[in-house]
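In what follows, a single structure is set out as structure tokens and then discussed.
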Amino acid sequence: MPQIAVRRRCPLVTSSAQAPPITVAEEVSDALTSGRAVVALESTLLSHGLPSGRNLTVARRLEQAVRDAGAVPATIAVLDGEPLAGLSNEQLERVCAEDLAKLSLRDLGPAVGLGLSGATTVASTSALAHAAGIGVFGTGGLGGVHLGAAQTWDVSADLGALGALPTVVVCSGVKSVLDIAATLEVLETNSVPVLGYRTDDFPAFYLRSSGYPAPWRVDDPATAAKVISAHRAYSGSGVLVTNPVPEESEMDKDLHDRLLRGGLDLLAERGVQGSDVTPVLLEHFHEASGGVSLDANEALVLANVALAAEIAVELA
């Protein structure tokens, strides 16, 4: 793995001259300079979404999947107050071994200013990827509108980031614990096109269909790239490409519904809210399913980053 080197000082979302630098790995910087495809990868999935040991194995598989599709991976995190796009082996091991804070976009400034470390969510990864000049991002699932948000105002910053940044996010939809109809409405309000990849249905993470239609459909990476390029001519918002979990890895619907009911009861019992909801729910699914959800999670994110790389190659 090439050495990490500071290549540019980029604003994250605003044009403030005081914005902190982002450190871009030499391999990533060289690819961007030469116009080759680069795919951003988040670190919250590794630090909070998978158990120790397995997370490092998956991290390396994700980077390899991007390479196999002809692109360069750029795993993103904040270590010791330094935003990084592209991690060395040692840095990747730190992300997977340390108890890192979960950093959404609102948390980047405090973490950087205080010299702390953290794993980046979809929102913060999108912002740092944009600052580094990376336009495509592959991940597992998107945050959304939580059930009861009319009273709690609990809406993921992921949706706002997609509305404000021209990042392409490839994911398997949103988890079924969310208000999927409201999530799709917010995406529409923020002018974010939602593309179903080889499907007419909007996926629900462990399940291939949420029961809601995907507004648009594309059937190959080249067509997805054409849609993305056309959108960028008219809007500065991002594009959401939804790729259902591979059919052979989809969770049994009855098992999923049983785990979901138990997870919702657990959230209510513990009074869990906000950014803590997803980690607690994922842990419940992983433990109560006997590893079935972990296998599905790994399969879908691998498929998503491979697709993200194929789209990035077409865009490049």
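These numbers come from the heavy atoms of this one structure, side chains and all, not from hydrogens, waters or symmetry mates.
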Exercise. Checking side chain to side chain contact (heavy atoms under 4.5 Å, CB included) for the pair R208/D201: CA distance, chi angles, key distance, verdict?
Worked result: CA-CA 8 Å; R208 290 178 60 82; D201 297 326; over 6 Å; no
Please name the pair of heavy atoms, one in [X] and one in [Y], separated by the smallest distance, quoted to 0.1 Å.
| X | Y | result |
| --- | --- | --- |
| V28 | A85 | CG2-O, 4.1 Å |
| L84 | Q91 | CD1-NE2, 3.7 Å |
| L259 | H284 | O-NE2, 3.1 Å |
| P166 | R232 | O-NH2, 3.3 Å |
| V38 | A71 | N-CB, 4.5 Å |
| G140 | V301 | N-CG2, 3.7 Å |

Are [X] and [Y] linked by a side-chain donor-acceptor pair shorter than 3.5 Å?
| X | Y | value |
| --- | --- | --- |
| S104 | R106 | no |
| N304 | S172 | yes |
| S191 | H231 | no |

Strictly distance-based, threshold 3.5 Å: is any side-chain N or O of [X] a donor or acceptor partner for the main-chain N or O of [Y]?
| X | Y | answer |
| --- | --- | --- |
| T125 | T121 | yes |
| S156 | L159 | no |
| S210 | Y212 | yes |
| T44 | A119 | yes |
| R217 | G196 | no |
| H286 | G49 | yes |

I need the [X] [atom1] to [Y] [atom2] distance, nearest 0.5 Å.
| X | Y | atom1 | atom2 | value |
| --- | --- | --- | --- | --- |
| I76 | L128 | CD1 | CG | 5.5 Å |
| S289 | D252 | OG | CG | 11.5 Å |
| L50 | T57 | CG | OG1 | 10.0 Å |
| E250 | L300 | CD | CG | 11.0 Å |
| K175 | L281 | NZ | CG | 8.0 Å |
| L105 | L165 | CG | CG | 7.5 Å |

Exercise. CD of Q64: more than 12 outside heavy atoms within 6.0 angstrom?
Worked result: yes
Exercise. Does CG in D68 sit with more than 12 non-hydrogen atoms of other residues, nucleotides or ligands closer than 6.0 Å?
Worked result: yes
For this session: Give the intermediate values and the outcome of side chain to side chain contact (heavy atoms under 4.5 Å, CB included) for residues N297 and L45.
Result: CA-CA 10 Å; N297 197 354; L45 166 72; 4.2 Å; yes
Seminar exercise, completed: Exactly one of L162, V168, L195 clears side-chain contact (heavy atoms from CB on, under 4.5 Å) with L240, and that residue is L162
Taking the side chain as every heavy atom from C-beta outward, state whether [X] and [Y] have any atom pair closer than 4.5 Å.
| X | Y | result |
| --- | --- | --- |
| K253 | D257 | yes |
| F285 | V292 | no |
| Y206 | S176 | no |
| V169 | S126 | yes |
| S47 | K102 | no |
| I311 | P221 | yes |
| V218 | Y197 | yes |
| I228 | E314 | no |

Is there a path of hydrophobic side-chain contacts, each under 4.5 Å between heavy atoms of I/L/V/M/F/W/Y residues, joining [Y] to [X]?
| X | Y | answer |
| --- | --- | --- |
| L116 | L87 | no |
| V194 | L207 | no |
| V305 | V313 | no |
| V145 | V192 | yes |

Exercise. Which is it for S117 and D80 under the side chain to side chain contact (heavy atoms under 4.5 Å, CB included) test, yes or no, and what are the steps along the way?
Worked result: CA-CA 5 Å; S117 299; D80 304 318; 3.6 Å; yes
For this session: Apply the test side chain to side chain contact (heavy atoms under 4.5 Å, CB included) to residues S229 and L315: give CA-CA distance (whole Å), side-chain angles for both, the deciding distance (0.1 Å), then the verdict.
Result: CA-CA 8 Å; S229 295; L315 286 168; 3.5 Å; yes
Exercise. Would you call E93 and R60 a salt bridge, taking side-chain N to carboxylate O under 4.0 Å as the test?
Worked result: yes
Exercise. Looking at R261 and D265, does any basic side-chain N land under 4.0 Å from a carboxylate oxygen?
Worked result: no
